[in-house]
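None of the values given here were measured: they were computed from a predicted structure.
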Amino acid sequence: MIVRKTTLAPLAALGLTAALALSACGGSDGGTPASDGGGAAASGSVSGKLAGAGASSAESAESAWTQSFQAVNPDAQVTYDSVGSGAGREQFLNSGVQFAGTDAALTKDEIKQSADACQGGKAFDVPIYISPIAVVFNLKGVDDLQLSPETIAGIFAGDITTWDDAAIKKDNPDADLPSTKITPVHRSDSSGTTENFTQYLEKTAPKAWKHGEVEDWPVKGGQSGDGTSGLISVVEGGDGTIGYADASKAGNLGIAKIKVGDEYVEYSPEAAAKAVEDSPREKDREDGDIVVQLDRTLDDPSTYPLVLVSYMALCDTYKDQETADLVKSYASYVVSSEGQKASGEVAGNAPLSDTLSKDATASIEKIKAKG
């Protein structure tokens, strides 16, 4: 049986399982051959236990991946604990799990520290999940909201304190804004979503946001929630609250349009994917370590620069062949077209581009057992 700490809507789960089962039996025209990773899920040939931990933003996606993978690999058990990016990377580097999900790629220092966990080898990153970060709010009487980067930064820095502030009025000239106190809500845990959000503020509004790019929230005041679900719960429970979270978790909360160039842009998976596509890769990474250097200052309104890319942190060497084969099979499925479609149907994330998927698969194929 599959063990996981995430949830999946029952009907969606059945649909994903059935789709993969058909693919395994040759009943689908859209199957991906084993050479590009898609056949890994349908092989049914891998076994063993595989544990991962990390980003709560990709919780729904990981749930889809683990359930779908298990449906056609009944001798394999995959678990994922959504403890947050920082805690997931820590567990991975301390050999507590075989992979980490993280909204912030491993640092060079972390890769240097990975030799023990990676059997004398080293860790690397592959992108697995692209999603907009939504600026969520709960304000009585206000359904539509537009915010520039400078205004968002001022709110979360604690300098804009009421909803009828002149800066918010400037962004929303036709809105009837109350004098309600603003309650900014941040993550209480070490979070890759926080790192992506503060990087966006630092790059787009450096005069208003002077706290840098950080995983741990640097500003006193406001309220906080543990993990994505905890933050959303706090925003839902107040009036005048505002926070940031993976868009798939926004639920019934209001979502602000953000200013990109001269227009206010609504989030979408397509606009998030375009922002990633228009951003370069980090050049100082070793071969096979795939990290996107997100351009937060894009001014094309067809892009949504407030986006996160979640990575799977993996070892290039595992303790035995069974573990290496299982990791390769699962990771290859996640980055395949079938895996990306499965998570997109549940989490609404944007699929990896063909180039990112192909390059990630090539990196994963190099995983080996300790000689």
Side-chain angles (χ1 to χ4, degrees), residues 55 57-61 64 103-105 127-137 143-153 155-156 171-172 192-205 209 213 228 231-232 242-282 290-311 335 337 339-357 360:
S57 58
E59 181 179 13
S60 297
D103 295 338
I128 58 173
Y129 178 82
I130 298 171
S131 182
I133 297 175
V135 178
V136 294
F137 67 93
D143 297 321
D144 297 315
L145 190 66
Q146 301 180 157
L147 297 173
S148 67
E150 293 81 6
T151 303
I152 298 170
I155 289 171
F156 282 92
D171 290 337
N172 301 270
T193 306
T194 296
E195 182 169 351
N196 276 271
F197 182 64
T198 55
Q199 182 191 72
Y200 169 79
L201 298 181
E202 180 186 41
K203 298 295 185 183
T204 59
W209 182 261
E213 172 191 338
T228 303
L231 182 146
I232 291 293
I242 185 170
Y244 56 92
D246 184 275
S248 68
K249 301 294 186 181
N252 295 321
L253 288 170
I255 300 176
K257 296 177 182 177
I258 66 170
K259 195 172 187 180
V260 181
D262 295 326
E263 298 183 25
Y264 291 92
V265 174
E266 188 173 1
Y267 87 89
S268 71
E270 294 77 17
K274 183 72 162 53
V276 174
E277 182 181 341
D278 290 355
S279 297
R281 295 187 192 179
E282 290 189 7
I290 304 171
V291 180
V292 179
Q293 186 176 338
L294 291 166
D295 185 353
R296 304 297 188 182
T297 61
L298 294 168
D299 57 8
D300 180 353
S302 70
T303 67
Y304 186 88
L306 182 48
V307 60
L308 64 81
V309 178
S310 279
Y311 298 88
V335 302
S337 58
Q340 292 293 296
K341 181 179 179 181
S343 60
E345 290 175 349
V346 173
N349 58 291
L352 298 177
S353 68
D354 291 342
T355 299
L356 277 178
S357 178

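Nearest heavy atoms, Y129 versus S57: OH-O, 3.5 Å. The two residues P301 and V265 come nearest to each other via the heavy atoms O-CG2, 3.5 Å. Of all non-hydrogen atoms in T228 and A245, the two that sit nearest each other are CG2-CB, 4.0 Å. In terms of heavy atoms, I255 sits closest to A134 at CG2-CB, 3.9 Å. Here the shortest heavy-atom pairing between A347 and S248 reads O-CB, 2.9 Å.
We find the CD1-NZ distance between I232 and K249 to be 9.5 Å, quoted to the nearest 0.5 Å. For the atom pair OG1 (T204) and CH2 (W209), the distance works out to 11.0 Å, reported to the nearest 0.5 Å. Atom CD1 of I152 is separated from atom CG of L147 by 5.0 Å, given to the nearest 0.5 angstrom. With rounding to the nearest 0.5 Å, the separation of OG1 in T303 from CD in E270 is 13.0 Å. Atoms CD1 and CD1, from I242 and I155 in turn, are 4.5 Å apart once rounded to the nearest 0.5 Å.
Partners of D295 by side-chain contact (heavy atoms from CB on, under 4.5 Å), not counting sequence neighbours, listed by chain and number: S279, T297, L298. Residues forming a side chain to side chain donor-acceptor pair (under 3.5 Å) with S302 (at least two apart in sequence, or on another chain): D300. Contacts of Q199 classified as side chain to side chain donor-acceptor pair (under 3.5 Å), with partners at least two apart in sequence or in another chain: E213, R296. Take A105 and apply the side-chain contact (heavy atoms from CB on, under 4.5 Å) test, not counting sequence neighbours, and it matches D125, R285, V291, Y311. Partners of F197 under the ring-ring contact (aromatic ring centres under 6.0 Å, His included) rule, at least two apart in sequence or in another chain, are F156, Y244. Partners of A350 by side-chain contact (heavy atoms from CB on, under 4.5 Å), not counting sequence neighbours, listed by chain and number: I130, P269, A273. In this view, S310 and D103 satisfy the side chain to side chain donor-acceptor pair (under 3.5 Å) rule, not counting sequence neighbours. Partners of E277 under the side-chain contact (heavy atoms from CB on, under 4.5 Å) rule, at least two apart in sequence or in another chain, are K274.
You'll find the side chain of P127 reaches within 4.5 Å of the side chain of I290, heavy atoms only. Side-chain contact between K203 and P149: absent, with no pair of heavy atoms (C-beta onward) separated by less than 4.5 Å. Looking at Y304 and I258, their side chains come closer than 4.5 Å, going by heavy atoms from C-beta outward.
Within the structure, every pair that satisfies the side chain to side chain donor-acceptor pair (under 3.5 Å) test and touches residues 254-267, not counting sequence neighbours, is listed here: D171-Y264.
Checked by atom type and distance alone, the side chain of Q340 pairs as donor or acceptor with a backbone atom of I128 at under 3.5 Å.
Atom CG of D278 has more than 12 heavy atoms from other residues, nucleotides or ligands within 6.0 Å.
Checking each of N196, T193, N349, D246 against S131 for a side-chain hydrogen bond (donor to acceptor under 3.5 Å, both in side chains) leaves exactly one that passes, namely D246.
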